Amino acid sequence: MKDPLQRLRHEAYALAYQLSGKREDALDILQDATTRALTHHNVPARQSAEFKAWFFKVVRNRAIDQLRKQQRFTHTPLEADDFKAENIRSPEQSLEQSQLKSQIQSALMKLKLEQREIILLKDYHGFSYAEIAKVLDIPEGSVMSRLHRARLVLRKLLTDKD
Amino acid sequence: MNSCDEIKEKLSGYIDSELPQQQTQQIAVHLAQCEECKRLHKELLDVQQKVKMVVNDQAEEDHLEKIMQEPAAKQNLQWGWLLIIISSIMMMLYALACFITDEEINSFEKITAILLGAGGILLFLGVIRQRIAAAKSDKYKDINL
């Protein structure tokens with residue numbers, strides 16, 4: 001039976017990558033978080049429901065530390081090295097599809113970090129509002145309004161391109 | 001809760017099914033009657049779908065990793081490496097034999113060259129053994145990153 005930590009790694013890598021915009025950084029972030037999960041004394045049991053939220057919280061915090069260290073933690077759009085149409089496209093997809101995906105990805109990267117992370121935590125990682133509150137260390141009551149505002153900004157970015 | 005502004009603020013909660021049942025019902029009723037809120041609801045759903053569309057590409061990467069781990073291919077690669085290592089050793093031994101039996105090279109040169117080669121091999125073996133020892137005692141070795 002696969003270790004729960006290993007099962008989570010793909011998803012956690014996805015979050016680290018989306019936040020940092022760079023594959024190498026995402027791997028470093030994942031490495032740090034995994035080490036912490038293995039060595040820290042206050043870790044929730046890996047089989048427990050709390051573990052996933054805890055692990056993602058560590059990954060998210062490490063990503064922010066990484067961005068701060070590189071002085072990339074600003075509210076201006078992130079330059080991500082891999083998010084170009086030619087890198088996203090797979091052969092089965094039409095050009096229009098891959099261009100659309102590229103536009104969406106580019107819009108996501110234009111969001112402020114706190115906007116991007118909450119949208120991803122909900123719509124990609126499928127966390128509940130309660131879990132998102134734990135990952136981001138914010139009151140549960142503010143999750144909905146923060147998420148809503150982020151979606152409105154993303155909507156504007158996407159419709160401005162049309 | 002009746003005004004459009006109040007409803008709009010709660011639309012994300014509505015599409016994520018995070019609202020209490022009573023509020024969910026109130027919003028559903030309102031959406032059936034209000035074009036403006038209905039439009040925003042549709043746009044938010046659209047944004048949500050688009051995010052899911054992009055991030056689904058992650059599954060492609062997982063698929064790729066599965067391919068890289070494919071057992072038959074792995075076996076081919078292992079055998080390939082083994083043959084390369086064996087043939088490299090054979091070639092080195094052959095070169096050594098040619099070198100030793102070459103009459104144009106004097107004994108001093110032969111001895112110093114062999115000592116140099118032997119020293120290099122011993123260093124290489126030493127590093128290999130260190131790596132093996134480290135790998136065996138690595139408590140994180142089962143974690144695949």
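Computed from a prediction, not measured in an experiment: that's the story for all the values here. Computed over heavy atoms, backbone and side chain alike; hydrogens, waters and symmetry mates excluded. In what follows, every chain begins at residue 1, and chains take the letters A, B, ... in the order their sequences are listed.
- With hydrophobic clusters built from ILVMFWY side chains whose heavy atoms lie under 4.5 angstrom apart, B:Leu82 shares a cluster with B:Met90.
- Inspection of non-hydrogen atoms places A:Met144, A:Leu147, A:His148 of residues 139-148 of chain A under 4.5 Å from chain B.
- The distance from the CD1 atom of A:Ile132 to the CD atom of B:Glu18 is 7.5 Å, given to the nearest 0.5 Å.
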Per-pair distances, 0.1 Å, donor-acceptor, side chain in residues 42-49 of chain B, under 3.5 Å, sequence neighbours excluded:
unit_1: B:Glu43; atom_1: OE1; unit_2: A:Arg155; atom_2: NH1; d: 2.4
unit_1: B:Asp46; atom_1: OD2; unit_2: B:Lys50; atom_2: NZ; d: 3.2
unit_1: B:Gln48; atom_1: NE2; unit_2: A:Asp123; atom_2: OD1; d: 3.0
unit_1: B:Gln48; atom_1: NE2; unit_2: B:Asp16; atom_2: OD1; d: 3.0

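- Note: the hydrophobic cluster containing B:Ile85 also contains B:Leu93 (ILVMFWY, side chain heavy atoms under 4.5 Å, direct or indirect links).
- Taking hydrophobic clusters as Ile, Leu, Val, Met, Phe, Trp and Tyr residues chained together by side-chain heavy-atom distances below 4.5 Å, B:Phe124 shares a cluster with B:Ile132.
- Through chains of ILVMFWY side-chain contacts below 4.5 Å, B:Ile121 is grouped with B:Leu125.
- Cluster membership check: A:Ile138 shares its hydrophobic cluster with A:Phe56, using side-chain heavy-atom separations under 4.5 Å among Ile, Leu, Val, Met, Phe, Trp and Tyr.
- At least one side-chain heavy atom of A:Arg151 sits under 4.5 Å from a side-chain heavy atom of B:Ile15.
- For A:Asp65, there are no side-chain hydrogen bond (donor to acceptor under 3.5 Å, both in side chains) partners two or more places apart in sequence or in a different chain.
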